[in-house]
Every structure is written in structure tokens, then in C-alpha cells.
Amino acid sequence: MDDKTSTPAAGTSEAADAVLSLWSSWLDAATGSTEAWSKSLTSSGSQLLHTAPDAVAGNLLATGVNQLNELLGSNQALHAIDQVWNANPLREVVPVDWAEIARALRIVWLRTLRDPAKALTAAVDLNTRVFSAAAEAWTDAAQRWWAGAAGAKPAHVSDKRFAAPEWQANPAYRTLKELYLLASDWLLQQSESGNPDDPEEVRLNFHLRQFIDAMSPSLMLLSNPEALRRALETGGTSLADGARNLLHDVKEGRLSMVDANAFAPGRNLAVTPGKVVLRNKLIELIQYSPATDTVHQIPLLIVPPWINKYYILDMQPKNSFVRYLVAQGFTVFIVSWKNPDASMDATTIEDYMDLGPLAASDAIREITGSETLNVMGYCIGGTLMALTLAWLAKKGDTRFGSATFMVSLQDFSKVGDTAVFLGDTAIDFVEQQMLERGYLDSREMSNMFNLLRSNDLIWSNVVNNYLLGQKPPAFDLLYWNSDGTRMTRTAHSWYLHNTYVENNLIKPGKVEVKGEALDLGQIKLDTYAVGAEKDHIVPWESAWRITQLFGGNVRYVLASSGHIAGIINPPGGKGTHWINEAKTETPEEWRKTSAVHDGSWWNDWARWLGDHSGGRVAPPPLGGNAHPPLDDAPGRYVLEK
């Protein structure tokens, strides 16, 4: 297996068989005696003095690879463990790519053998730190025993995997935890190459972290004190419940992350009153009922991403973005995308423009009587709006008065952790799947986003559902996250190649849509853009690039938290945001000179949007002569599975 590995579908079983032996060999090499390392490095004696460095490296590589290949066969215990993992039903529900993990481990192994002096130093350092951590754990336990309960100080735990008190108080568990954390840090350090921004290095580091997360002692019953305690307290019932949960998930082919019966759009999600006023083969347009006696004259159209359901912006009343806007006196319309099937495989990106924001804006102007409207695009919905606005600028069409972009990319040169899934082989794999099905299945996208936060979204549920035998949590954001949509083949292929692969949107004239060569610099609208500080999908520095790409005035605001929590952050909750009125040349300069403000950015945007929405008038009717109400919100498309 070389550095250019096959698609995720190839070799998965074989890779899974080798994973634990690789990890064990790392621990064996790292925690073995210094004398053993010295002996292995000097076994050729004085011959090394007369051998070219390349030959020495080649011999070490050959020896290392042979040891790696022989390890499984020579160690019966490891062989048994590998067989268990190969049959482990978790492999059917946890979307970890074992083939890529094995490739990453092999690359690091070979790199280490190329620099034996560095490997020896790292091994000695790890041995020292392991011994120190073990000694500290047992010494601290002895001191607590002498001091009694009154002398014990509660420890601050930042890693939720080790929140159970035994991980700190019990010296055996604490030593196990520290050994795991030290070995994990050591493995990541061995992978460092000096160029962390290189796509291959990003991919390597990502898969090493996936492996480290999957090897946590908290994921095994016998080394999870909380699971053992619960098994004793319930007389083993928790283990039986966990087994039933696992069998259910294996049957469904996915890990349950949320109580699927706790929520439903129209019942306790997406309940802001409104009407569907337009339906075509790709969208339903929802108009929300006014909540104030007067409203701003210019309406607002929201274009959410078509890779998710729209109701992330209309969750429960306490955190509904839509409800907040209606309460501020805005007339709000939102696009609800259809969940496509194989019959829609020929749907193009032009169809998404025509049947999406263009058709919606025509209907809104007819219903409200307003010649112009404001628009807001969220994530990939913002990318679609950038295309649409650039096309309208070419046509001289001024229907949109201002635009807002929330965690949206136009420049795809730096895409954060999602770059891991966008190598040539991964793109080819996606293309092949779409050719076979006519669409990209929602599970593929869901797995990708879940892996970006695997400890929070995957492994915590493995512990909760299977080791503790508990029901998945009832959490609205997780329910929405699991309620995915498919993507049409033709449109998604165009999107992948023109954004992530070729980054064509920032190249004036490179992208041609509906007969027009597009230039983002021709977009002269006043624009409000939001990035999120901890966004792993749309890095805030990349979202900031809109200030340089658009030709109009752009107000950029940075929210705390991530891709979802940074946006769904109603006033009165936690969080901060940063504002900088000055024009800067780099995102780092923008951040350095920005002013921090407590609380949500929603109020700042509502003031800005109000300034671009005209005076107050009587609310328009729900629907119009050409667009009568068809259904109550949330409509039909959002319910499609």
C-alpha cells in the first residue's frame, strides 16, 4: 500500500485487520527499553561506518516493514484481537475509514524509520513521560488516602471522555488514561513534517486522529469505569440494553445519534406559522405570518443549503432564527428544497438558480408588491446566491437590494477539515456513487460531517448507546443533523469541480452560467457576512475573503463557536462576536484590530438589515392572486425522507 491509496471502498477489511497490530507495534516500539532501540540501530556494528546513508535508510525501512508484516503472525494475542475487530459489528455502523487509517499509520512508521535518531529520542522521551505520569498518579492516590476525603480536590476535566471520577481518583485508571494520551500525542508528533498546510499532511493528520479517537480506553467495557459501574448497578441490564441498541443500529446500517421519535417538523420543530405560497419541482417557498402590526417594506428571502433541511433556521421557538426575524418586523420567506431522487439526476446548477432564488424572488415581488428584496444565503445556499447575484449583475437586474452570507465560501483555496474528503480518489468515488444511483446519498454527507467531530458525534454515542445501554439523547440539533437530504448528480458534480477541485468562482470569467461569464467583483450590493471562529467546514478566514472578492461594501462579523452553534445563537445566550469597520488586507489583521462584543450577533445584523429594508408598512397578505397559499408551513418537501 503506497501513499496514493485506493478509494474508501477498497481494502477496508484487510486494513481493519491490521490496525490494532500497527497500534500495538507503535506502543511496543515506543515503550520498549532504550537498550533494545540502540541494539536495533547498531546491529550492523562497524559496517555502518562504511555504508552510504541511503543504504542504511533502505535497510532500516526493509527491516521495519518486515517486522510490521511478521508482527501479526508471531503474536497470538494480537492475532486474536485482530479477529475480534474484524468481526466487530461496530464496523457496520461507525463510518471510520480503516483503509485510510492503516495507510496513515504506515506512512508515519516509514517516516520514523527514515530518521532513526529522532525515533530513538522520541522513544526515550515517551518512556520518561509515561514513567513520570504513572508515578504521579500513584503518589497522588497515596496522598489522598492519607489526607482522607476532606483533603481531596476536585479535578478540572476538559476531555469529556474521561469525566468519570475514577479516571482521576483511581491510580490504575488514571495511569491508563495518561498512557493513552501520551501515546496519542507521541503518534501525532511523529507525523509532523514541517508543512501542516499541505493537503496530504492534513489528510494524514486527520486519519491519525480518527485512529487515536477510536482507540480510546473509554470505548472498551473493561476499561470504562462508568460502564462497569452502571453494569453492576443494573445487574447487567445495561449490557443487555446496549446489545439490543447495537443490533438495532446494525440492522439500520447507521449509528443512532438522537431519539428519532422525540422531534418532527411541524410538531415541535419548524412551527413558526406560515404558508407555502409556491411549489415547483425543486422548492417550496414558505411565507411566514407577521407577528407585528407593521413590517419593514422590503421583504427578506432566505436561501438555506440544499444539502440539509431548511428548519435549522426554524428549530424550537426558543432558538428559531425565523421567529426572531418575524418578531423584529421583517416579512420573511424561506426556500424549502425538495429531497431529490434518482429521477432528478439531470438537474443542473442552472435549475437550482432558476427554480430556486430566481423563481422565489419573482413570487415574492408579486405577493408583496415590492420591486426589490433582500436575500440571505446560508453555507452552500450562500455560494448559490453568489452565482445568482453575479449573473444578475451581468444582466443588469437589480431585484436584490442587499445580501447576507452566513458561513459561506466563495474562495475554496482553504476549506478546513473538509479537505480530507476531497482528494482525487475521494472525488472519483463520489462521482461513481452518483453515476450508479443518480444522486449522492445523504448518509455520505452526514458521515463526513460527523467524522469532523467524531468524539462528540460518534464515539460519545457508542459509549452512551452500547456500553451504558441508554437511549440516544433527545437533542433538536442532532435530530436535524440526522435528517439529511440527497444531492442531484449533475448539479453536485458541477459544484464539486467548480468549487473544491478547481476553485473557479474567484477567477473572473472562468465560470459560465446561463450564457454569462461570471465575475464576483461585479456584485456591488451592500453585503453583511458572518464567519464562525471554530468552524471546521467554512474556516472564518476563508469566509472573510468575501470582503476582497465583492465589489460593494461588505460588513464582516465573526461569531464565536462553530458552523451551527455560531449561527444559531439567539440573544440572551452565551457567545461573543467581533466587529471591525475598517478595511484590512488580511484576516489576521482584521482579527487583531477588531472589537469584541458580548452576546449574539443577531441584534447587530437586525439593525443593519433594518437600515436596508425601508420604512414600516402594513403587512402584505399571505400569498397573492398568482401564488395562493397551498399548505401550512412547514410544507411537504421538508417531510420527505
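The figures that follow rest on heavy atoms only: side chains count, while hydrogens, waters and symmetry mates do not. These numbers come from a predicted model, not from an experiment. We count residues from 1, following the sequence as given.
- Using a 4.5 Å heavy-atom cutoff, the side chains of P587 and Y556 are not in contact.
- Taking 4.0 Å as the cut-off between side-chain N and carboxylate O, E640 and K338 count as a salt-bridged pair.
- Side-chain atoms of N464 come within 3.5 Å of backbone atoms of K471 as a donor-acceptor pair (strictly under, hydrogens ignored).
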Item to check | Verdict with supporting geometry, R254 and D249, salt bridge (Lys or Arg N to Asp or Glu O under 4.0 Å) | outcome: CA-CA 5 Å; R254 67 163 65 187; D249 287 356; over 6 Å; no
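- Judged by distance alone, the side chain of N374 and the main-chain N or O of H612 form a donor-acceptor pair under 3.5 Å.
- A perpendicular orientation is assigned to the rings of Y495 and F412, their planes being inclined by more than 60° (bins at 30° and 60°).
- To the nearest 0.5 angstrom, T576 atom OG1 is 6.5 Å from E533 atom CD.
- The aromatic ring centroids of F263 and W480 lie 6.0 Å or more from each other.
- The ring pair (Phe, Tyr, Trp, His ring centres under 6.0 Å) test applied to H563 returns no partner, not counting sequence neighbours.
- A salt bridge between D351 and K281 is absent, with no side-chain N of the basic residue lying under 4.0 Å from a carboxylate O of the acidic one.
- Checked against a 6.0 Å centroid threshold, the rings of W605 and F321 count as neighbours.
- A salt bridge links R399 and D362; the closest N-O separation between the charged side-chain nitrogens and carboxylate oxygens is under 4.0 Å.
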